[in-house]
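Report on one structure; see the data block that follows.
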Amino acid sequence: MTIRMILNGKKVEALIPDDMLLIDFLRDRGCYSVKRGCESSNCGLCTVFLDEKPVLSCSVLAARADGHKIDTLEGLQKEAEEFGAFIADQGAEQCGFCNPGMIMNAIAMFRENPDPTDDEIREYLAGNLCRCSGYEGQLRGIRAFLEFKKRGGAS
């Protein structure tokens with residue numbers, strides 16, 4: 001089947017097998033921030049935006065993205081880089097494997113809820129598996145980033 005979409009701001013058209021997962025479609029196109037970590041839709045490493053909403057690309061057929069807009073971390077470099085520095089500053093990226101999914105979900109949270117409570121932050125992080133940390137570094141990084149934005153930091 002042929003699908004068409006906007007991937008990271010560019011029109012893409014491709015002939016794909018009917019059963020191809022979105023994660024495989026994206027990785028085949030060089031979107032290596034989209035990672036496979038659990039094979040069971042529980043780790044958050046494959047998070048992408050489908051029409052501005054976070055989805056697990058390992059649980060979505062590529063055919064479902066036909067006619068839609070998909071953004072990966074590669075397409076959100078400016079937002080990701082600005083926030084990612086705060087995560088790194090808190091030592092929350094020990095191995096870095098979880099960072100793309102964590103950052104995608106944090107960006108979704110910033111867009112949906114610019115002033116979250118700690119419990120709301122934990123809710124957004126809940127679907128992201130990190131084997132290195134206790135998530136406190138990520139929480140501190142998010143809090144520091146939000147304070148930076150409140151003080152008029154760059155956007």
Side-chain angles (χ1 to χ4, degrees), residues 5-10 12 20-62 64-66 68-151 153-155:
M5 69 178 69
I6 304 295
L7 174 58
N8 294 327
K10 296 178 183 164
V12 173
M20 181 177 230
L21 291 173
L22 184 57
I23 187 173
D24 297 318
F25 178 84
L26 296 171
R27 288 189 60 83
D28 286 352
R29 276 142 194 85
C31 300
Y32 299 122
S33 69
V34 184
K35 298 177 183 174
R36 180 175 270 113
C38 69
E39 301 290 339
S40 60
S41 305
N42 287 311
C43 70
L45 294 174
C46 67
T47 302
V48 300
F49 289 165
L50 172 65
D51 294 333
E52 306 293 329
K53 298 290 181 192
V55 298
L56 299 173
S57 62
C58 73
S59 299
V60 175
L61 288 173
R64 302 284 260 163
D66 184 34
H68 294 276
K69 178 182 177 217
I70 303 291
D71 288 304
T72 68
L73 199 57
E74 287 84 359
L76 302 171
Q77 283 298 304
K78 185 176 182 216
E79 277 180 276
E81 188 176 314
E82 184 178 48
F83 167 63
F86 285 84
I87 293 293
D89 188 52
Q90 294 298 321
E93 64 166 14
Q94 292 175 26
C95 82
F97 195 69
C98 70
N99 277 0
M102 193 80 68
I103 290 172
M104 291 296 287
N105 281 299
I107 289 171
M109 179 184 65
F110 300 146
R111 290 176 178 182
E112 294 172 19
N113 184 356
D115 191 25
T117 65
D118 284 357
D119 285 341
E120 289 170 327
I121 293 170
R122 285 185 186 97
E123 270 184 51
Y124 273 86
L125 298 182
N128 294 278
L129 179 65
C130 176
R131 292 183 171 109
C132 298
S133 75
Y135 301 95
E136 289 304 309
Q138 286 92 343
L139 180 64
R140 287 191 311 269
I142 288 170
R143 277 272 151 242
F145 178 72
L146 291 170
E147 286 304 314
F148 168 75
K149 292 303 240 181
K150 280 182 188 175
R151 291 190 313 264
S155 54

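Just so you know, these numbers use all the heavy atoms, side chains as well, and skip hydrogens, waters and symmetry mates.
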Original post:
Which heavy atom of Ala106 sits nearest a heavy atom of Ile142, and at what distance?
Top reply: CB-CD1, 4.5 Å
Original post:
Would you say the side-chain atoms of Ser57 pair up with the backbone N or O of Cys46, donor to acceptor, closer than 3.5 Å?
Top reply: yes
**OP:** Could you grab the distance from atom CG of Leu56 to atom SG of Cys38, nearest 0.5 Å is fine?
**Re:** 8.0 Å
Subject >> salt bridge (charged side-chain N to carboxylate O under 4.0 Å, His left out) contacts touching residues 95-111 (sequence neighbours left out) >> reply: Glu52-Arg111, Glu79-Arg111
**OP:** Determine which pairs satisfy salt bridge (charged side-chain N to carboxylate O under 4.0 Å, His left out) with at least one residue from residues 23-32, sequence neighbours left out, and list them in order.
**Re:** Asp24-Arg36
Original post:
Looking at side-chain heavy atoms only, is the closest gap between Met104 and Asn128 below 4.5 Å?
Top reply: no
**OP:** Could you go through the side chain to side chain contact (heavy atoms under 4.5 Å, CB included) check for Val60 and Leu21 one step at a time?
**Re:** CA-CA 6 Å; Val60 175; Leu21 291 173; over 6 Å; no
Original post:
Is the shortest side-chain N to carboxylate O distance from Lys69 to Asp71 below 4.0 Å?
Top reply: yes
Original post:
Closest heavy-atom contact between Ala65 and Ile70?
Top reply: CB-CD1, 3.9 Å
Subject >> Separation of Met5 CE from Leu22 CG (nearest 0.5 Å) >> reply: 6.0 Å
**OP:** Output yes when a side-chain donor or acceptor of Asn99 lies under 3.5 Å from a complementary backbone atom of Cys95, and no otherwise.
**Re:** no
Subject >> Glu81 atom CD: more than 12 heavy-atom contacts under 6.0 Å >> reply: no
Original post:
Taking side chain as C-beta onward, heavy atoms only, is Cys98 less than 4.5 Å from Gln138?
Top reply: yes
Original post:
Taking everything shown except Arg64 itself, do over 12 heavy atoms lie less than 6.0 Å from its CZ?
Top reply: no
**OP:** For Arg140 and Asp89, run salt bridge (charged side-chain N to carboxylate O under 4.0 Å, His left out): C-alpha distance rounded to whole Å, both residues' side-chain angles, the deciding distance at 0.1 Å, then the answer.
**Re:** CA-CA 9 Å; Arg140 287 191 311 269; Asp89 188 52; over 6 Å; no
Original post:
Does the Asn113 side chain pair with the main chain of Met109, one donor and one acceptor, at a distance under 3.5 Å?
Top reply: no
**OP:** Name the orientation class of the two ring planes belonging to Phe110 and Phe145 (parallel below 30°, tilted from 30 to 60°, perpendicular beyond 60°).
**Re:** tilted
Subject >> Minimum-distance pair of heavy atoms, taken over all atoms of Pro54 and Thr47 >> reply: CB-CG2, 3.9 Å
Original post:
After noting the C-alpha distance and the side-chain angles of Asn8 and Cys31, does the key distance pass the side chain to side chain contact (heavy atoms under 4.5 Å, CB included) rule?
Top reply: CA-CA 9 Å; Asn8 294 327; Cys31 300; 3.8 Å; yes
Original post:
Heavy atoms, side chains only, cut-off 4.5 Å: are Pro100 and Val34 in contact?
Top reply: no
**OP:** Determine the minimum heavy-atom distance between Ala108 and Tyr124, stating which atoms define it.
**Re:** C-CE2, 4.2 Å
Subject >> Between Asn42 and Ser40: side-chain donor-acceptor atoms closer than 3.5 Å >> reply: yes
**OP:** Locate the shortest heavy-atom distance separating Ile103 from Gly84; write the atom from each residue and the value.
**Re:** CD1-CA, 4.1 Å
Subject >> Spatial distance of atom CD (Glu120) from atom CZ (Arg122) [nearest 0.5 Å] >> reply: 11.5 Å
Subject >> Derivation and outcome, side chain to side chain contact (heavy atoms under 4.5 Å, CB included), residues Thr72 and Phe49 >> reply: CA-CA 7 Å; Thr72 68; Phe49 289 165; over 6 Å; no
**OP:** Taking Glu74 for its side chain and Ser33 for its backbone only, find out whether a donor-acceptor pair lies under 3.5 Å.
**Re:** yes
Original post:
Looking at CG of Leu125 and CD of Glu136, how far apart are the two atoms once the value is rounded to the nearest 0.5 Å?
Top reply: 9.5 Å
Subject >> Rounded distance (nearest 0.5 Å) linking atom CD of Glu82 with atom CD1 of Ile107 >> reply: 9.5 Å
Original post:
Does the side chain of Met20 reach to within under 4.5 Å of the side chain of Leu61, using non-hydrogen atoms?
Top reply: no
**OP:** Give a yes or no on whether the backbone of Phe86 and the side-chain of Gln90 come within a donor-acceptor separation of less than 3.5 Å.
**Re:** no
**OP:** Taking salt bridge (Lys or Arg N to Asp or Glu O under 4.0 Å) as the test, write out the residues that go with Lys150, two or more places apart.
**Re:** Asp115, Glu147
**OP:** Working to the nearest 0.5 Å, report the span between CG of Asn105 and CD of Glu112.
**Re:** 9.5 Å
**OP:** Mind running side chain to side chain contact (heavy atoms under 4.5 Å, CB included) on Leu26 and Val48 for me, showing each step along the way?
**Re:** CA-CA 10 Å; Leu26 296 171; Val48 300; 3.7 Å; yes
